[in-house]
Trainee: 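Once you've had a glance at the structure underneath, I'll fire off some questions.
Reckoned from all heavy atoms, side chains included, excluding hydrogens, waters and symmetry mates. Start at 1 with the first residue, then count along the sequence.
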Amino acid sequence: MITNLEITLEEMQQQAEMRGLIKGRAEGEARGKVEAKQDAICKYLRRRFGDASAGLQRKVREMTSLEVLDGVMEELFAANTLEEAQAIIRDGMERFMQ
């Protein structure tokens, strides 16, 4: 009887570890996608507006929603000035905070 209980507990432990690994991988992949999007936006800002965009780049690094980052990236391509880029990122931050 103890042997069956030990086997059952061991199986439960392995299942819990497997769920943890799967969850960890999914979170890691999501984090990787967010970081890649942040990198792309920051690279674009640096290339388009130079050192003047450093503050905006810091704000972009605070955004962790892939959906918000996608929206910001799409809108940034239409920005003609640093001020327009600031407004787009400010709006994105507001959406992120909601």
Trainee: Minimum heavy-atom separation for Ile89 and Met63, please, with both atom names.
Mentor: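 Heavy-atom minimum between the residues: O-CE, 3.5 Å.
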Trainee: Can you confirm whether more than 12 heavy atoms, excluding those of Glu74, are under 6.0 Å from its CD atom?
Mentor: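 For Glu74, atom CD is not crowded (no more than 12 foreign heavy atoms under 6.0 Å).
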Trainee: What are the two closest non-hydrogen atoms of Ala79 and Phe49, and how far apart are they?
Mentor: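 Reported closest heavy-atom pair: O-CZ, 4.4 Å.
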Trainee: Looking at CG of Leu69 and CD of Glu35, how far apart are the two atoms once the value is rounded to the nearest 0.5 Å?
Mentor: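 If we round to the nearest 0.5 Å, Leu69:CG and Glu35:CD are 11.0 Å apart.
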Trainee: For Asp39 and Arg61, run side-chain contact (heavy atoms from CB on, under 4.5 Å): C-alpha distance rounded to whole Å, both residues' side-chain angles, the deciding distance at 0.1 Å, then the answer.
Mentor: CA-CA 8 Å; Asp39 290 345; Arg61 296 288 180 195; 2.6 Å; yes
Trainee: Using side-chain heavy atoms (C-beta onward) and a distance below 4.5 Å, is Arg48 in contact with Asn80?
Mentor: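 Contact flag for Arg48/Asn80 side chains = yes.
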Trainee: Under the ring pair (Phe, Tyr, Trp, His ring centres under 6.0 Å) rule, what pairs show up with a residue in residues 53-76, not counting sequence neighbours?
Mentor: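 Qualifying pairs, neighbours excluded: none.
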Trainee: With rounding to the nearest 0.5 Å, note down the distance linking CD in Glu67 to CG in Asp70.
Mentor: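 Taking CD in Glu67 and CG in Asp70, the distance rounds to 8.0 Å.
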Trainee: State whether the side chain of Glu75 and the backbone N or O of Ile88 hold a donor-acceptor pair below 3.5 Å, judged by distance alone.
Mentor: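 No, the answer is negative, given that no donor and acceptor are paired below the 3.5 Å cut-off.
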Trainee: Between Gln38 and Val60, which heavy-atom pair has the shortest distance, and what is it?
Mentor: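 Scanning both residues completely, I find the closest heavy atoms to be NE2-O, 3.5 Å.
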Trainee: Show me, pair by pair, the donor-acceptor contacts under 3.5 angstrom made by side chains of residues 51-59, not counting sequence neighbours?
Mentor:
unit_1, atom_1, unit_2, atom_2, d
Ser53, OG, Leu45, O, 3.3
Ser53, OG, Gly50, O, 2.8
Ser53, OG, Gln57, NE2, 2.8
Gln57, OE1, Arg46, NH1, 3.0

